[in-house]
Amino acid sequence: MSLVCLTDFQAHARERLSKSSWDFIEGGADEGITRDDNIAAFKKIRLRPRFLRDVSDVDTRTTIQGEEISAPICISPTAFHCIAWPDGEMSTARGAQAAGICYITSTYSSCTLEDIVAVAPRGLRWFQLYVLSDWQLNKQLIQRAESLGFKALVITVDVPTIGKRRQDIRNKLNLLANLMLKDLRSPEERKCKPCIQQPLVNPSFCWDNISWIQSITRLPIILKGILTKEDAELAMKHNVDGIFVSNHGGRQLDEVPASIDALTEVVAAVKGKIEVYLDGGVRTGNDVLKALALGAKCVFVGRPIMWGLACKGEEGVEEVLNILKTEFHTSMTLTGCRSVAEINRDLIQLSKL
């Protein structure tokens, strides 16, 4: 069967994965209200196409943090890619490199940063950090990523504790006990397979710590998980380089706004002074167009990458990205946009549905 859209990959991946792996990838916090709203909220926005424009040459390229990408569609940080495909994040990195987009590598990768860089040396990579209780380990991770050529540091701010993911609890899932988190161990420890205790996220991490992180790296710092104008304004005061509007795919605090609904107030708060990105619920090229029309510089996708990986490894990752890129190109063409710069708020309206 030909896989022609992201939901085709979703259905095929579900057939290939174990129940516990599928539940981990698809799961949301508590009742899953925000997880589902992330998708539904996009469908409440309608497009206002403009016609009789020369769209014989449509260019999807753009830049993020000064680096060119083939389209404003990149890969969000997600953990434990080895549950979907044996080569895990190495296959993801190769697929991202082939597609010409950015891949944000998670702190909870099941492959080392060195291995990921080795298999996709030309790829654009950012590193996502969960701030851990061990500040020395935080420093080592950040400086290691910088030395390996990662181009930005994405700090996840919405995990002072882990949200309640009911299916993982029912399944008694303990990935950290079964997968080797190689980046969170010393070189000597990587040679063996010890019992892994979960590295503790740091519940005391706060705005006062941002300046310390800025003092130990030259990487641009992007805060991931911002949902309000108040936090966006604080991020500006602390001189960060970007904001990632995200609710963690609905996996942390349930019943917060869908990412696309939170985007408008964050964009208004930063007043164009720093780049704003979005993840959560992007499933079609139209979704990409809507997010950019509302002020996002780029969108990132998480679960669909895992679906592609589960179906076909790196080829599946590249295929998922190329489907989205092709759909986005079509959406631009049919709304009269010849470049990403021409996408603006006039192209959308909120539906009364």
Side-chain angles (χ1 to χ4, degrees), residues 3-29 32 34-36 38-39 73-99 101-111 116 119-120 123 125-126 128 130 154 156 159 162-163 165 167-168 171 173 175-176 178-179 181 224 244 246-252 259 278-284 287-288 299-325:
L3 304 176
V4 301
C5 61
L6 268 58
T7 53
D8 285 350
F9 274 91
Q10 182 181 24
H12 193 51
R14 184 169 193 168
E15 294 175 355
R16 296 179 62 87
L17 291 168
S18 69
K19 182 181 184 300
S20 61
S21 294
W22 176 254
D23 287 346
F24 171 74
I25 292 169
E26 292 298 292
T34 296
R35 176 199 59 194
D36 297 341
N38 274 343
I39 296 172
I73 303 162
C74 299
I75 300 178
S76 278
T78 52
F80 308 122
H81 288 200
C82 281
I83 68 170
W85 192 258
D87 285 344
E89 289 82 4
M90 291 188 288
S91 290
T92 305
R94 285 190 290 255
Q97 177 178 270
I101 56 86
C102 178
Y103 162 40
I104 306 179
T105 303
S106 171
T107 297
Y108 286 172
S109 292
S110 40
C111 301
I116 291 166
V119 298
R125 290 173 301 277
W126 294 355
Q128 176 268 338
Y130 285 114
V154 180
T156 296
V159 189
I162 303 296
R165 301 168 191 175
Q167 282 302 101
D168 291 348
N171 293 333
L173 187 69
L175 286 169
L176 286 156
N178 295 298
L179 293 173
L181 290 173
K224 182 178 186 293
F244 214 122
S246 173
N247 52 44
H248 217 102
R251 297 165 72 83
Q252 277 299 103
S259 295
L278 172 141
D279 76 358
V282 174
R283 299 294 182 266
T284 68
D287 294 342
V288 180
V299 303
F300 290 74
V301 292
R303 289 183 179 96
I305 298 302
M306 297 294 277
W307 303 338
L309 198 61
C311 292
K312 301 182 181 182
E314 68 187 82
E315 292 179 8
V317 171
E318 185 180 3
E319 194 169 331
V320 162
L321 291 166
N322 285 338
I323 286 172
L324 271 178
K325 286 164 64 176

Restricting to non-hydrogen atoms, name the atom on [X] and the atom on [Y] that form the minimum distance, rounded to 0.1 Å.
X	Y	result
C74	C102	CB-O, 3.1 Å
Y130	T107	N-OG1, 3.1 Å
W85	S91	CD1-OG, 3.4 Å
S76	D279	OG-OD2, 2.9 Å
G281	I39	CA-CG1, 3.9 Å

SG (C82) and CD (E89) are apart, to the nearest 0.5 Å, by 5.5 Å
Taken to the nearest 0.5 Å, the spacing of I116 CD1 from C111 SG works out to 5.5 Å
Is any side-chain heavy atom of [Y] closer than 4.5 Å to one of [X]?
X	Y	result
F244	I104	yes
Q97	V119	no
I305	Y103	no
R283	T7	no
Q252	R165	yes
D8	C5	yes

- Message: Is it the case that the side chain of R251 and the backbone of G27 share a donor-acceptor pair, with hydrogens and angles ignored and the cut-off at 3.5 Å?
- Response: yes
Quiz item: Just by modelled atom types, is the H248 backbone N or O under 3.5 Å from a matching donor or acceptor in the S246 side chain?
Solution: yes
Return all side-chain donor-acceptor pairs below 3.5 angstrom for residues 313-324, not counting sequence neighbours, or 'none' if the list is empty.
{"unit_1": "E314", "atom_1": "OE1", "unit_2": "R94", "atom_2": "NE", "d": "2.6"}
{"unit_1": "E314", "atom_1": "OE1", "unit_2": "R94", "atom_2": "NH2", "d": "3.4"}
{"unit_1": "E319", "atom_1": "OE1", "unit_2": "K312", "atom_2": "NZ", "d": "2.8"}
{"unit_1": "E319", "atom_1": "OE2", "unit_2": "K312", "atom_2": "NZ", "d": "3.4"}
{"unit_1": "N322", "atom_1": "ND2", "unit_2": "E318", "atom_2": "O", "d": "3.4"}

Run the side-chain hydrogen bond (donor to acceptor under 3.5 Å, both in side chains) test against [X] and tell me which residues pass, sequence neighbours left out.
X	answer
R125	none
W126	none
T34	D254

_Regarding T156 and Q128, do their side chains bring together a donor and an acceptor under 3.5 Å, going by distance alone?_
yes
* Asked: Could you walk me through whether L173 and D23 pass the side-chain contact (heavy atoms from CB on, under 4.5 Å) check?
  -> CA-CA 10 Å; L173 187 69; D23 287 346; over 6 Å; no
Applying side chain to side chain contact (heavy atoms under 4.5 Å, CB included) to S21 and not counting sequence neighbours gives L17, S18, I83
Sorted by chain and residue number, the side chain to side chain contact (heavy atoms under 4.5 Å, CB included) partners of E26 (sequence neighbours excluded) come out as Q10, W22, R303, W307
I'd like to know whether H81 forms a side-chain contact (heavy atoms from CB on, under 4.5 Å) with M90, so could you lay out the CA-CA distance, the side-chain angles of the two residues, the decisive distance to 0.1 Å, and finally the verdict. CA-CA 9 Å; H81 288 200; M90 291 188 288; over 6 Å; no
